[in-house]
Structure formats: C-alpha cells, structure tokens
Number of protein chains: 2
Amino acid sequence: MKEGPDIARIASLVGDPARANMLTALMDGGALTASELALEAGVSLPTASSHLAKLMDGKLLTVASQGRHRYYALSGTEVANMIEAISGVAAHSGPRRARPGPRDKSMREARVCYDHLAGDHAVKMFDRFIAEEIIVRDDEEIRLGPAGASFFTAIGIDTSTLSSSRRPMCRACLDWSVRRSHLAGSLGTAILDKILAEKWARRPAGSRVVEFTPPGRKAFEKLFLA
Amino acid sequence: MKEGPDIARIASLVGDPARANMLTALMDGGALTASELALEAGVSLPTASSHLAKLMDGKLLTVASQGRHRYYALSGTEVANMIEAISGVAAHSGPRRARPGPRDKSMREARVCYDHLAGDHAVKMFDRFIAEEIIVRDDEEIRLGPAGASFFTAIGIDTSTLSSSRRPMCRACLDWSVRRSHLAGSLGTAILDKILAEKWARRPAGSRVVEFTPPGRKAFEKLFLA
DNA sequence: AGAATGCTTCGACTACCATCGAACCATGGA
DNA sequence: TCCATGGTTCGATGGTAGTCGAAGCATTCT
C-alpha cells in the first residue's frame with residue numbers, strides 16, 4: 001500500500017468519455033471555449049462546465065479568459081504525452097477496429113499532435129533529420145546538429161528566434177500509430193506552421209487529420225524527405 | 001465526436017484506486033497471485049478477482065496458471081510506459097507532496113521499472129553508455145555499440161545469449177522522476193539481475209525501491225559510471 | 001477419497017458521479 | 001439602463017460500478 005503519485009486520481013479524470021473527448025479535441029494544441037467543448041463531447045453545457053472544473057482541478061487544463069469567452073487548453077506537453085501513451089495501449093487493446101477506415105488511414109499518415117506534426121510523414125522526416133545530422137540526439141536531449149541551422153534558414157525557418165524562447169526548440173515525442181519518435185518543440189511547431197502556410201495541406205475542421213494536397217505532398221517530400 | 005482509440009475505456013481501468021494499486025504493484029515486472037494483489041490493493045479477494053477480470057479484458061494484464069496459482073503480470077512494456085506517463089502528470093498535479101519523504105528520495109535514486117533499473121542511477125548509467133559508445137542510438141532503435149560486446153562480457157554478461165531472444169535487447173524507457181531515458185530490454189534486465197546477484201543492493205519487500213549498500217554503490221559506480 | 005487452499009461467480013447493497021433543467025452571475029453591446 | 005450571450009452553480013434524478021459475504025469450482029496434498 002505504498003503511495004506513489006496519485007495515478008488513479010488523474011487516470012479517472014481521463015476515464016470519463018466526455019472528458020476524454022474534450023482532451024482529445026484539445027490534442028491539436030488549440031484552445032476551445034466551454035461551449036465548443038460541450039459540443040465536442042456531446043454533453044450539455046452545465047455538464048461540460050462541471051467536467052472542465054474537474055480537469056482544471058487536476059491541472060490537466062489551463063484557461064485564458066478573454067472578454068466573455070474562456071479558452072481552455074491542455075496545460076502542457078506532459079499531458080499530451082500521457083494521452084498519446086494511453087492511446088497507444090488503447091489501440092492495442094481496443095475492439096480491434098474491423099477495417100481501419102479511411103479517416104483512420106489519414107490519421108496514421110499525418111495528424112497534429114498538440115502543436116506539431118505526427119504520424120508516418122513526421123516519423124520519416126525525423127529519421128531523415130537524424131541521418132543528415134540536421135538534428136542530433138544525445139541521450140534524451142535533442143539538439144540542432146551541424147547541418148541544422150543552414151538547412152532551416154534555407155527553407156525560411158529562423159532557428160535563432162526559436163531558441164530564444166524558454167520552451168525547448170527540439171523535443172522527441174512518441175507516436176501511437178507508428179511506434180517511433182517524431183519532432184516536437186518549437187521547431188516542430190514552426191515546421192507545421194510552414195506546411196500550413198504554404199498550403200501544402202489543410203486541416204479539416206474538428207479533426208486532428210492533416211490532409212496533404214497532391215502537389216503539397218510532393219513539395220513536402222522534396223523538401224523534408226530529400 | 002471523432003473516434004480515436006477508446007482512450008476513456010482503458011483510462012477508467014487505471015482510474016480505480018484498487019486497480020491502480022495493483023498495476024503499480026506490478027510495475028516491478030514481477031508476477032503476483034490474486035491474493036497478493038488483493039492485499040496490495042487493500043480489498044477483499046472477490047473484489048480483487050473482479051478487478052483482475054476487468055484488467056484482463058482490457059488486455060492490460062496477462063496471466064499464467066501454475067497449478068492452483070494464477071500469476072498476473074503486466075501485459076507488456078507498453079502498459080508500463082503508460083503508467084509512467086500518468087505518474088508523470090500526477091506528480092505535477094498532485095497535492096504537492098509536502099516534503100518528499102525518505103522513501104520518495106530512494107525511489108528517485110534507484111527503483112525497479114517493470115524489469116530493469118530506473119531512477120537517477122539508471123539515467124547516469126545510460127548517459128555513460130552512450131558517451132562511451134557502449135550502446136548507440138540511431139533514431140528510436142537502440143543497439144549495442146562498437147565498445148559494447150567487450151564491455152559486457154568483461155563484466156560477465158553474455159550479450160550473445162541475450163540477443164537470441166525475440167525480445168529486443170536494448171530499449172529506451174522514460175522516467176517519471178528524472179525526465180530522461182534509461183535502458184530497458186533484456187540487457188537492462190541482465191544488469192539489474194547482476195546488481196542483485198552481487199548483492200550490491202537489496203529490494204525491500206513490497207516496494208519498487210532498490211536500496212544500495214554503501215560498498216554496493218561504490219562497486220556499481222566503479223563498474224558502470226566509470 | 002477427503003480435506004485444504006486458491007480463486008472465481010453470484011447476489012444484494014451502497015455510494016458515487018454523470019447528467020440535465022432551471023436559476024443565477026458576468027461581460028458586452030445597444 | 002436594459003437586453004443578449006457565454007458560463008457557472010444548484011438540486012434532483014438515475015445509472016453504474018465498486019464492495020463484500022456466501023457459495024461454488026478447481027487443484028493439490030495427505
């Protein structure tokens with residue numbers, strides 16, 4: 001009857017379907033209002049409000065009041081990580097989803113994870129970065145490699161401004177579909193931003209899927225998968 | 001209202017205190033009987049049985065019947081990983097544990113994670129392995145490095161027998177106390193076994209703590225932290 | 001065979017918590 | 001100042017899941 005951190009408490013927070021839906025809805029790193037989350041979770045506004053209070057109490061969420069709106073967001077990457085970890089075992093345990101529908105397929109190919117790209121494309125990109133020493137891992141720390149700065153400035157991402165932030169520029173994040181690492185951190189965010197800014201892909205509303213256009217995919221592969 | 005893997009289902013499995021206790025009790029990688037787990041969780045035998053059935057249903061546990069005993073164990077490292085991830089956010093969210101008691105301190109220093117060593121010592125050891133190229137990481141895959149085989153045979157661990165197993169010899173595992181990687185896989189297990197076989201440390205019953213003796217710590221540091 | 005141990009199933013009880021409607025606060029605009 | 005919109009609080013309701021005692025299987029030991 002030892003006492004580690006109170007794991008049951010927070011697991012039970014994620015254990016309710018409504019709350020789980022809210023959390024996954026926030027996995028794209030965005031911030032949503034209470035009513036949007038209520039819709040997403042399929043419950044009434046009062047219920048949602050009560051759930052949000054509980055999630056706040058457990059420090060899984062942060063809130064930013066703007067006028068009469070209250071924007072809820074995941075409280076950090078740590079929470080996002082946990083959700084992915086849970087998704088991982090759920091995917092293996094689950095009722096063995098008969099055929100992985102088309103939406104599921106696109107999810108595996110490319111999706112948003114908190115604030116960066118995840119899925120098959122992201123993993124391939126990460127592999128290539130490592131191979132070319134654009135980034136290097138050195139224990140769990142991940143840093144820009146010798147070839148890094150020049151590579152990113154060449155494609156219009158200024159790494160010097162990114163590193164100024166308190167947030168780590170590079171982080172590794174585990175995937176639930178592919179069981180490998182991909183790039184998180186502000187650099188990961190910058191790359192996702194570029195992909196969307198160049199309109200290589202678009203994001204269907206209310207989903208984590210990142211949908212590449214055919215020419216967009218070509219451009220992406222040429223630039224990042226060399 | 002998209003449908004990823006059914007995360008709420010398995011989160012709620014972990015969300016019950018009794019089940020959470022059982023799972024953490026199994027985090028040392030051992031296999032326990034139903035009665036032992038009942039004791040650990042602080043519930044009666046029938047209740048424990050019902051919980052175990054649920055955990056089995058969710059594929060979080062495996063069972064091995066041996067005579068009239070049924071040994072339950074975590075179904076895999078994936079589950080262990082998830083528990084660690086949850087512990088991570090629980091530690092941050094929690095009721096801010098007044099002073100991290102002595103037991104907590106020893107947990108941070110060295111503990112068992114599923115079947116290998118975790119905590120500060122394990123992370124330091126991992127760092128050193130990487131630095132000396134005893135093992136190398138290459139994307140998420142981790143392998144024995146150029147200096148590896150000779151190093152381990154010198155200290156009496158035969159890597160050739162380990163690699164024969166279907167189970168990967170090297171794996172990286174994330175820590176909830178220190179936020180870094182340490183070594184898992186059959187090699188990690190072999191190292192833990194050696195530490196215990198040499199009596200450098202003992203394991204207080206019913207706890208994940210690994211308690212080094214003073215000379216044991218010296219020997220460990222000399223051998224693994226060079 | 002008979003007894004003992006380990007575990008599961010059954011049934012009944014209880015407690016908790018998710019849920020919603022309605023009322024209540026707060027902010028912003030007319 | 002008054003209305004409209006976004007959110008939260010309150011109270012009542014219902015369902016679900018955890019709990020244990022007693023009885024039921026199974027396996028092993030004598």
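Just so it is clear, the structure is predicted and the values come from calculations on it, not from any experiment. Any value given below was found using the heavy atoms of this structure, including those in side chains, with hydrogens, waters and symmetry copies removed. Residue numbers start from 1 in every chain, and the chains themselves are labelled A, B, ... in the order their sequence lines are given, proteins ahead of strands.
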Nearest-nucleotide pick for [X], side chain only, options being [options]:
X: B:Ser35; options: C:dC7, D:dT9, C:dC20; answer: C:dC7
X: A:Ala18; options: D:dT8, C:dT19, C:dC20; answer: C:dT19
X: B:Leu45; options: D:dT19, C:dC7, D:dG7; answer: C:dC7
X: B:Ser44; options: C:dC7, C:dT19, D:dC20; answer: D:dC20
X: B:Pro46; options: C:dC7, C:dT8, C:dG21; answer: C:dT8

Nearest-angstrom distance from the residue atom [atom1] of [X] to [atom2] of [N]:
X: A:Asp16; N: D:dT16; atom1: CG; atom2: C1'; result: 12 Å
X: B:Leu61; N: C:dC7; atom1: CG; atom2: P; result: 14 Å
X: A:Leu37; N: D:dG7; atom1: CG; atom2: P; result: 9 Å
X: B:Leu55; N: D:dA17; atom1: CG; atom2: C1'; result: 14 Å
X: A:Leu13; N: C:dA18; atom1: CG; atom2: C1'; result: 13 Å
X: B:Met22; N: D:dT19; atom1: CE; atom2: P; result: 9 Å
X: B:Arg9; N: D:dA17; atom1: CZ; atom2: C1'; result: 15 Å

Using distance alone, with no hydrogens and no angle criterion, decide if B:Thr47 and B:Ser44 have a side-chain donor and acceptor under 3.5 Å apart. yes
How about A:Glu84 and A:Ser87: does a side-chain donor come under 3.5 Å of a side-chain acceptor?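 A:Glu84 vs A:Ser87: no donor-acceptor pair found between side chains.
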Pairwise distance CG(B:Leu144) to CG(B:Leu187) - rounded to 0.5 angstrom: 7.0 Å
Quick one: CE on B:Met22 to CG on B:Leu61, what's the gap to the nearest 0.5 Å?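 With rounding to 0.5 Å, CE (B:Met22) is 9.0 Å from CG (B:Leu61).
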Is [X] close enough to [N] that one of its side-chain N or O atoms is under 4.0 Å from OP1 or OP2 there?
X: B:Arg19; N: D:dG18; result: yes
X: A:Lys54; N: C:dA18; result: yes
X: A:Thr33; N: D:dG7; result: yes
X: B:Tyr72; N: C:dT8; result: yes
X: B:Arg70; N: C:dT8; result: yes
X: B:His51; N: D:dA17; result: no

Take the angle between the ring planes of B:Phe224 and B:Phe129 and call it parallel below 30°, perpendicular above 60°, tilted in between.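 B:Phe224 and B:Phe129: perpendicular rings.
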Quick one: label B:Thr47 by what it contacts on the DNA or RNA (base, sugar-phosphate, nothing), any heavy atom closer than 4.0 Å.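 Answer is base: heavy atoms of B:Thr47 come under 4.0 Å of a base.
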At under 4.0 Å between heavy atoms, what does B:Tyr71 touch on the DNA or RNA strands: base, sugar-phosphate, or nothing?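 Since no nucleic acid heavy atom lies under 4.0 Å of B:Tyr71, the category is nothing.
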